[in-house]
Amino acid sequence: MSSGDNIINKGSSRRKFLAVASTAAAAGIAGCASSSSGSSSGGASGGAKSGSTTSTNVIKGGQGDSSAGRNDRAPPATSSVVIGSITVPSAVVTKANEEGEVIVYSTMDEPDLLKYIVPGFEEAFPGIKMTVQGLGSGELSTKLLTEKRVNKVMSDATTFNLGASRSIAPEGVFVGFGKDHWIKKECAAMGYDPAIHAKSYEVPGYGNAYTLIYNTELTTEAEAPSKWEDLGDDKWSGQMGICMQHPAQLSSMGGLFSTLYAKWGHEKWAEVVGNIMDNKPQIISSNSASYRVLLQGEKALSPNYINDLAAQLGAGESPPAQCKWLDPGLMNNTPGHVTAGAPHPNAGLCYAAWFASELGQEKVGDTGRTPTFSPTAATHDLFKVVIPEGTQIMPTGYNNPTYNGSAYLETPDAFVPLFEEHFGGR
């Protein structure tokens, strides 16, 4: 490393030497119940089960407006920038500083982006102002496709769930990287499992673990379903019913119900889904909105990501909610991308590199989402409140779900007709 390198928290690079247990390693101290029905074979989203969290060295996110304090920052770097274990080449940094801005679309909620991600990135790259827009997966897909088709691309980078992003990738909305591109090589050197960003256009992002969340004022751990098929029982209707994201959004519930489709087969799957729909669940387009419905006591159950619950419990709050880990507990991968035709392409690369670094992954963990970099996930305090030790978390689609000859992980939109037929139109 040259003496002109701008080093950002070089000490955090020690994490590259930690054993990489899995791409979804997470902590294990009581906080949510494991289902008595047993755990699935295999491990977290790379093959191993979740580990134990012991570290108390948690980087806290920034506060307030994303531009706060910019006048007090050090001059922007024009040499290479070292962020944890990742080195961003000087040529990229120089051009990114000339661009001066990065615009990011994300399925991460905007408050979390502003509180944690923006300050963290701008501290590492003081010459680049970050603008963010939080969108639902369907909205983000539509926005990216529209901008591409009218030749007015506005975003530089995205963090965008696997199913929906792969369904629009053939339109050429993302930059593809060869295996010898510096960002791919840097991530490989960190020990990232290449399976989590297998496509040329995918770079490390974050994970979202999900299972069943229940309202503790309406039901108990013992009474809540112990198997996914129990969601079809007659008792889970009305106020005691279900609120969830529409599976055709190809996000969390798309991953769940495609995985269950392969696990159960068409006949059982259609029967259980029919029973669920007979109970008139509330189906909406947002996981966070679904969680709010549950907190307000309008519904008792929500198959959902654990991030909102983890963030509240980690902050010392006592929401009327807990989660129960059913078989399978799943992890939805949300890869990063650099947008093709971006107005600030080098700044987009800087963002992607920062997000994949230990510093970016710590900030991901602070939001309650699971870092894709397993050493960070395994040592982040927040997850010990929601993932019991020994919980098995499988990657979405681990059992290769297919419908009409199309695999969910390769062509997820092939499942949309199935989901809309059985869950109704969006």
Side-chain angles (χ1 to χ4, degrees), residues 32-42 163 208-216 218-284 287 290-291 293-294 299-306 321-332 388 390-403 408 412 415-424:
C32 295
S34 295
S35 168
S36 60
S37 62
S39 59
S40 53
S41 61
N208 267 321
Y210 55 99
T211 190
L212 182 68
I213 300 179
Y214 61 94
N215 184 298
T216 55
L218 296 176
T219 190
T220 66
E221 176 202 336
E223 294 169 343
S226 294
K227 299 180 293 184
W228 289 113
E229 47 262 60
D230 292 345
L231 292 177
D233 289 353
D234 292 344
K235 66 183 293 184
W236 306 117
S237 61
Q239 187 182 16
M240 294 299 293
I242 301 165
C243 184
M244 68 179 187
Q245 183 191 56
H246 201 302
Q249 294 287 331
L250 301 179
S251 185
S252 59
M253 293 302 97
L256 173 63
F257 281 96
S258 64
T259 302
L260 293 177
Y261 188 83
K263 182 180 175 69
W264 294 341
H266 181 88
E267 186 174 342
K268 178 178 179 179
W269 185 92
E271 179 183 1
V272 173
V273 171
N275 291 337
I276 291 172
M277 295 307 294
D278 286 344
N279 290 336
K280 295 181 170 42
Q282 183 175 350
I283 299 181
I284 52 183
N287 280 299
S290 176
Y291 181 66
V293 168
L294 179 131
K299 296 292 180 182
L301 305 176
S302 179
N304 211 321
Y305 290 142
I306 63 172
Q322 270 293 356
C323 60
K324 188 171 182 178
W325 290 90
L326 307 190
D327 178 16
L330 294 173
M331 175 75 70
N332 197 32
T391 299
Q392 300 286 333
I393 304 176
M394 303 294 288
T396 292
Y398 71 91
N399 51 5
N400 191 32
T402 59
Y403 176 67
Y408 182 79
F415 275 70
V416 171
L418 175 71
F419 294 150
E420 290 189 333
E421 176 188 353
H422 291 272
F423 289 95

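All values below were derived from every heavy atom in this structure, side-chain atoms included, with hydrogens, water molecules and symmetry-related copies excluded.
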Taking Trp228 for its side chain and Leu212 for its backbone only, find out whether a donor-acceptor pair lies under 3.5 Å. no

Of the non-hydrogen atoms in Ala209 and Ile393, which two are nearest, and what is the gap between them? CB-CD1, 4.4 Å

What are the two closest heavy atoms between Cys243 and Pro303, and how far apart are they? O-CD, 3.8 Å

Could you report the tightest heavy-atom contact between Cys323 and Ile306, atom names first, then the distance? SG-CG2, 4.5 Å

Please list, chain by chain and in numerical order, all residues satisfying ring pair (Phe, Tyr, Trp, His ring centres under 6.0 Å) with Phe257, sequence neighbours excluded. Phe423

For Trp236 and Ile276, what are the C-alpha separation, side-chain angles and deciding distance, and is it a side chain to side chain contact (heavy atoms under 4.5 Å, CB included)? CA-CA 8 Å; Trp236 306 117; Ile276 291 172; over 6 Å; no

Check the pair Ile283, Met277 against side chain to side chain contact (heavy atoms under 4.5 Å, CB included), reporting the backbone distance first and the verdict last. CA-CA 10 Å; Ile283 299 181; Met277 295 307 294; 3.8 Å; yes

Using the side chain to side chain contact (heavy atoms under 4.5 Å, CB included) rule, take Val273 and Tyr261 through it: C-alpha gap first, then chi angles, then the decisive distance, then the call. CA-CA 10 Å; Val273 171; Tyr261 188 83; over 6 Å; no

Closest non-hydrogen atoms of Tyr408 and Ser251, given as atom of the first, atom of the second and distance, are OH-O, 4.0 Å

For Ala321, all residues meeting side chain to side chain contact (heavy atoms under 4.5 Å, CB included), sequence neighbours excluded: Ile213, Tyr291, Leu294, Leu295, Leu309

Checking the side chain of Lys299 only, and the main-chain atoms of Gln282 only, is there a donor and an acceptor separated by less than 3.5 Å? no

Heavy-atom pair of closest approach, residues Thr211 and Lys324: OG1-O, 2.8 Å

Is the backbone of Gln245 close enough, under 3.5 Å, to the side chain of Asn287 for a donor and an acceptor to pair up by distance? no

Can a donor-acceptor pair be found, under 3.5 Å and without considering hydrogens, that links the side chain of Ser302 to the backbone of Met244? no

CE/Met253 to OH/Tyr305 distance, rounded to the nearest 0.5 angstrom? 7.5 Å

Donor-acceptor pair, Tyr210 side chain versus Leu256 backbone, under 3.5 Å? yes

Thr259 OG1 to Leu330 CG distance, which is reported to the nearest 0.5 Å: 5.0 Å

Would you compute the distance between atom NE2 of His266 and atom NE2 of His422 and round it to the nearest 0.5 angstrom? 4.5 Å

Would a 4.5 Å heavy-atom cut-off, applied to side chains only, mark Leu260 and Pro328 as touching? yes

Atom pair CG (Leu418) and CD (Glu420), whose distance is rounded to the nearest 0.5 Å: 10.0 Å

From CG (Asp233) to CE (Met240), nearest 0.5 Å: 11.5 Å

Side-chain ion pair, Lys235 and Glu223, N-O less than 4.0 Å: no

Between the side chains of Tyr403 and Ser258, does any donor sit under 3.5 Å from an acceptor? no

Correct closest heavy-atom pair for Asn275 and Gly232 would be CB-O, 3.4 Å

For Glu221 and Tyr214, run side chain to side chain contact (heavy atoms under 4.5 Å, CB included): C-alpha distance rounded to whole Å, both residues' side-chain angles, the deciding distance at 0.1 Å, then the answer. CA-CA 8 Å; Glu221 176 202 336; Tyr214 61 94; 3.3 Å; yes

